[in-house]
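Every chain is numbered from 1, with letters handed out A, B, ... down the list of sequences.
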2 protein chains.
Amino acid sequence: MVKQHELSQHMISEQAASDTSCGCPHGGLKGLLDKSLARIGLSKSEQKKVDREEELVDLAVSILNEEGFAGLSLEKLTAQSRYSKGTIYNHFSSKEDCLSALCIRAVSSILTLFKRALQFEGSSREKAVAVHYSYQLYARLQPTLFMAVLSSKAPGVREKTSTERTQLMDALELEINTFSDQMFRDAIDDGSLVLSEHLSIETLSFSNWAMSFGTNALATSATEAKAVNRLDPNTLLLQNISILMDGMNWQPLSKDWDYRKTWQRVEKEIFADDIQLIE
Amino acid sequence: MVKQHELSQHMISEQAASDTSCGCPHGGLKGLLDKSLARIGLSKSEQKKVDREEELVDLAVSILNEEGFAGLSLEKLTAQSRYSKGTIYNHFSSKEDCLSALCIRAVSSILTLFKRALQFEGSSREKAVAVHYSYQLYARLQPTLFMAVLSSKAPGVREKTSTERTQLMDALELEINTFSDQMFRDAIDDGSLVLSEHLSIETLSFSNWAMSFGTNALATSATEAKAVNRLDPNTLLLQNISILMDGMNWQPLSKDWDYRKTWQRVEKEIFADDIQLIE
DNA sequence: ACCTGAACACCGTTCAAGT
DNA sequence: ACCTGAACACCGTTCAAGT
């Protein structure tokens, strides 16, 4: 169980770190990402610091996975690393800053998975289903990190995060939003979705995200007594987003198309290597 | 701002505490609630302990509201209370146990608001809209507590919570689920909702909850750069659940009925006193 | 310029002593 | 039986001294 998390953590994080040539059309994030992730055009000492930071975030993620949220402390991070407290505080201005670094790692990984999902061959609604699949996949592979992203939005955390990291986080969120909006723009362009007068792209995009987030968050934090346990966890998200997309009148409707087959195709054709880590 | 939170906290908590004669038909919760909340049939010393616990939870809530999540410590709770550390630990077996006590308070308040919302005069879909309204109201009045409920589901918190409180929490959740299911049963009974072959009451009930929770959680933790800020916060939730309920084909559909008027009626007719605390 | 670890304040938790 | 607060371990954060 823990071993699986470690595996998946490394797999996903390596993808994210090596994905600086993301090929996204927006590019607004590039500058910021280069500053903290890229491996070229840096002096020796800068390079050393970047490497060490990645090493420290890796270590922090493994502590988070093994000991849970409350178990993560800069004290432990120091003890398990090769460095001293002063050096740790040279990288993270506070415990909350360290948490934000983990969340940036998480959101980067999610964005990478989203882009992979978009490569699924199918209608625009099927592509959106694939993106939801990838979001659920991340929530299952990295439940603690998935939940951490939300808690990093709390005012107390944000206040104690360095401005550089806050900016990077905001830029990543903007890129996710832009990505999500684009899915709906594509659907409108290919004619499968028609905007009604009261509903903007932004509204649809947000409702789509809220449903996926809410479902994954509740499923992740499900306890024995919870409502989620009455339901099949493997079709939960698909059912929820299907109802929602039907409500948007996004063609083809679920009565006219078997999206369970789409879901299975996404699993096999895009995320076959990753799904093994869960079951 | 802070003052408003204090006000609302007291208002809501008093309602919850005095609502032991809730008149709900399930009743399975009664025994558990009586054990920790009721004010009759207890010896002097038991009564004293119950009173003190309420006092301590009140105090903990006010610390949470004033200093945020990270600012809540049993050290501070001790210092601000009239008791010593030993007595505090007599009530809460750990810091996490104290957090769980806060969440039980929160969920009780939410349930009370739900029951109030259900008194709205209208169709079954309108009543459901009223319940969503009350959920959003709570998220706005008590943002920190609203988010705390989720984090109390983390394994690390649950493990360190006393078994009595875990049982009480589970019982409350079950009552909320039963309440939610009942809304859908009512809709089926009055003919405004028809179950299709793939969708059970449990599925609809959960998707409804996931959307409301997801929307409120994202709105609560919205930052400047967030997608939420592009949208009107006052119609966000209504729009999201309208799309979802349309997808369920819950009559009357939003194209045939102006639910913004329903929303405003709920505000005026049910929660007029509470809404002032926000704006 | 960067790193180290001692030092201090704060917090969670326990338990012997007191009532 | 219940309450108190000293005691200890752990953690966040700083900074003078060292390289």
Out of the candidates Glu96(A), Glu159(A), Glu173(A), only one should pair with Lys153(A) under the salt bridge (Lys or Arg N to Asp or Glu O under 4.0 Å) rule; please name it. Glu173(A)
With sequence neighbours left out, write down each residue that passes ring-ring contact (aromatic ring centres under 6.0 Å, His included) with Phe92(B), or none if nothing qualifies.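 For Phe92(B) there are no ring-ring contact (aromatic ring centres under 6.0 Å, His included) partners, ignoring immediate neighbours.
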Could you tell me which residues satisfy ring-ring contact (aromatic ring centres under 6.0 Å, His included) with Phe69(B), sequence neighbours excluded, listed by chain and number? none
DNA chain C: first to last nucleotide in contact with chain A (atom under 4.0 angstrom from a heavy atom), 5' to 3', is dC3(C) to dG5(C)
Across the strands shown, which category fits Lys160(A) at heavy-atom distances under 4.0 angstrom: base, sugar-phosphate, nothing? sugar-phosphate
Looking for any heavy atom pair under 4.0 Å, which part of the strands does Ser73(A) touch: base, sugar-phosphate only, or nothing?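 Here Ser73(A) touches the backbone only, sparing every base.
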Determine whether the side chains of [X] and [Y] contain a donor N or O and an acceptor N or O closer than 3.5 Å.
X: Thr166(B); Y: Thr161(B); value: no
X: Asp51(A); Y: Gln47(A); value: yes
X: Ser162(A); Y: Ser93(A); value: no

Would Lys76(B) and Glu66(B) pass as an ion pair if we require N to O under 4.0 Å?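 Here Lys76(B) does not pair with Glu66(B) in a salt bridge, since their nearest N and O are not under 4.0 Å apart.
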Cation-pi geometry met for Arg52(A) and Tyr83(A) (6.0 Å, 45°): yes
Within the 4.5 Å heavy-atom criterion, are Ser109(A) and Thr112(A) side-chain neighbours or not?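 Counting from C-beta outward, Ser109(A) and Thr112(A) never come under 4.5 Å.
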Can you pull out the residues from residues 88-99 of chain A that lie within a 4.0 Å heavy-atom distance of DNA chain C? Asn90(A)
Set of side chain to side chain donor-acceptor pair (under 3.5 Å) partners for Gln80(A), sequence neighbours left out: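 With sequence neighbours excluded, Gln80(A) shows a side chain to side chain donor-acceptor pair (under 3.5 Å) to no residue whatsoever.
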Return one dot-bracket line describing DNA chain C 5' to 3' (Watson-Crick or G-U wobble pairs, both distances under 3.5 Å; ( ) same strand, [ ] crossing, | another strand, . none). ||.|||||...|||||.||
